[in-house]
J.: 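Right, I'll just put the structure down here and ask away after.
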2 protein chains.
Amino acid sequence: MQASLLRIRINHAGNTALGPGKIELLQHIAQQGSISAAAKQMRMSYRRAWELVDVMNRCFDQAVVVSTAGGSHGGGAQVTEFGQALIDAYQQILQKSAQAAADELHLITRHLKKD
Amino acid sequence: MQASLLRIRINHAGNTALGPGKIELLQHIAQQGSISAAAKQMRMSYRRAWELVDVMNRCFDQAVVVSTAGGSHGGGAQVTEFGQALIDAYQQILQKSAQAAADELHLITRHLKKD
DNA sequence: CATCGTAATGTATATATGGGTATAACGATG
DNA sequence: CATCGTTATACCCATATATACATTACGATG
């Protein structure tokens with residue numbers, strides 16, 4: 001199976017507010033409770049992961065990820081309820097879109113060369 | 001109104017087989033009958049426009065754009081019937097997706113900071 | 001109060017991307 | 001058969017993007 005044929009992004013002021021990469025990152029953060037662990041799991045630099053989180057936190061009217069520095073295990077990061085709602089909504093958009101446009105999608109993909 | 005909130009791409013072997021940029025380029029080529037004229041209209045370098053066309057032609061099992069070099073006006077390029085079908089299908093996908101996922105989209109975009 | 005692992009930020013470097021320019025090939029037309 | 005505008009391609013360079021590495025801040029815990 002190929003990795004997600006359909007890619008959907010939501011734009012905001014010319015930039016991507018939400019796309020497959022940010023969603024995947026959020027899921028890993030939610031699972032790991034840490035930005036650095038999520039980054040490592042995705043083999044992405046911590047720097048980049050943090051920047052993606054920062055962009056999200058700044059382009060929405062409420063936090064998507066909250067983090068604490070320091071503490072027994074150095075701190076950590078949690079996906080907020082709102083962030084989880086974003087993840088869910090994004091998945092729904094993906095699923096509903098793929099379903100609603102299944103015919104046209106098939107029309108296109110059936111002509112993609114197999115690699 | 002903001003420029004297309006929802007951006008959809010169709011992936012092929014890790015790369016983008018079809019996205020908003022390629023579709024817009026195809027439309028300009030269809031209208032102009034020339035890659036270079038389309039590129040100029042989009043203020044894109046001819047080199048890049050040609051590469052986008054090349055990628056499309058190589059990742060589908062039939063040509064999206066056919067071109068002729070030489071001739072009275074130097075030649076030109078035409079979008080094939082298949083290419084036009086791709087454009088139409090893409091537009092349908094955009095429209096149907098936005099419609100099918102309107103609720104979830106609204107849930108997300110209502111929390112985007114106004115810029 | 002030293003330790004630990006993470007957040008947060010800075011800086012330098014490598015890589016990818018796209019633009020600019022030049023040049024050759026092409027072929028209908030006058 | 002010279003001209004013309006376009007396709008097609010190569011080469012170099014500027015810029016953007018992402019990585020790598022380094023450093024500081026943080027604060028619960030032993």
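So that the names make sense, note that chain A is the first sequence line, chain B the second, and so on, each numbered from 1.
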J.: What integer distance in Å separates B/Arg48:CZ from D/dA14:C1'?
T.: 16 Å
J.: Could you list where the contact with chain A starts and ends along DNA chain C, reading 5' to 3', using a 4.0 Å heavy-atom cut-off?
T.: C/dG5 to C/dT11
J.: Please determine whether residues B/Phe82 and B/Val65 belong to a single hydrophobic cluster, defined as Ile, Leu, Val, Met, Phe, Trp and Tyr linked transitively by side-chain heavy-atom distances below 4.5 Å.
T.: yes
J.: Round to a whole Å and report the spacing from CD1 of B/Ile29 to P of D/dT6.
T.: 13 Å
J.: What does B/Arg47 touch in the nucleic acid at a heavy-atom separation under 4.0 angstrom: a base, only the sugar-phosphate, or nothing?
T.: base
J.: Same hydrophobic cluster for A/Leu107 and B/Tyr90, using side-chain heavy-atom links shorter than 4.5 Å among ILVMFWY?
T.: no
J.: Run the numbers on A/Asp88 and A/Gln84 for side-chain hydrogen bond (donor to acceptor under 3.5 Å, both in side chains), then give the verdict.
T.: CA-CA 6 Å; A/Asp88 296 344; A/Gln84 187 59 51; 3.1 Å; yes
J.: When you check the phosphate oxygens OP1 and OP2 of D/dT7, does a side-chain N or O of B/Ser36 lie under 4.0 Å from one of them?
T.: yes
J.: Check the distance between D/dT24's C1' and A/Tyr46's OH and give it to me in whole angstrom.
T.: 12 Å
J.: Which of these nucleotides, D/dT6, D/dC26, D/dT19, is closest to any side-chain atom of B/Ser34?
T.: D/dT6
J.: Indicate yes or no for a side-chain donor-acceptor contact from A/Thr80 to the backbone of A/Gly83 under 3.5 Å, with no hydrogens or angles considered.
T.: yes
J.: For B/Gly74 and for A/His73, find the nucleotide of DNA chain D with the closest heavy atom, then tell me which residue's nucleotide is more 5'.
T.: B/Gly74
J.: Measure the shortest side-chain to side-chain distance between A/Lys114 and B/Asp61 over non-hydrogen atoms and say whether it is less than 4.5 angstrom.
T.: no
J.: Between D/dA8 atom P and B/Leu52 atom CG, what is the distance in whole Å?
T.: 14 Å
J.: Between B/Lys22 (side chain) and B/Val53 (backbone), is there a donor-acceptor pair under 3.5 Å?
T.: no
J.: Return no unless some side-chain N or O of B/Trp50 is found under 4.0 Å from OP1 or OP2 of D/dA8.
T.: yes
J.: Between A/Asp54 and A/Gly71, who's closer to the 5' end of DNA chain C by nearest nucleotide?
T.: A/Gly71
J.: Using whole Å, report how far NZ of A/Lys40 lies from P of D/dT19.
T.: 15 Å
J.: Can you find a heavy atom in the side chain of B/Ile10 that is under 4.5 Å from one in the side chain of A/Leu6?
T.: yes
J.: With DNA chain C as reference, determine whether B/Ala49 or A/Ser72 sits nearer its 5' end, using the nearest nucleotide of each.
T.: A/Ser72
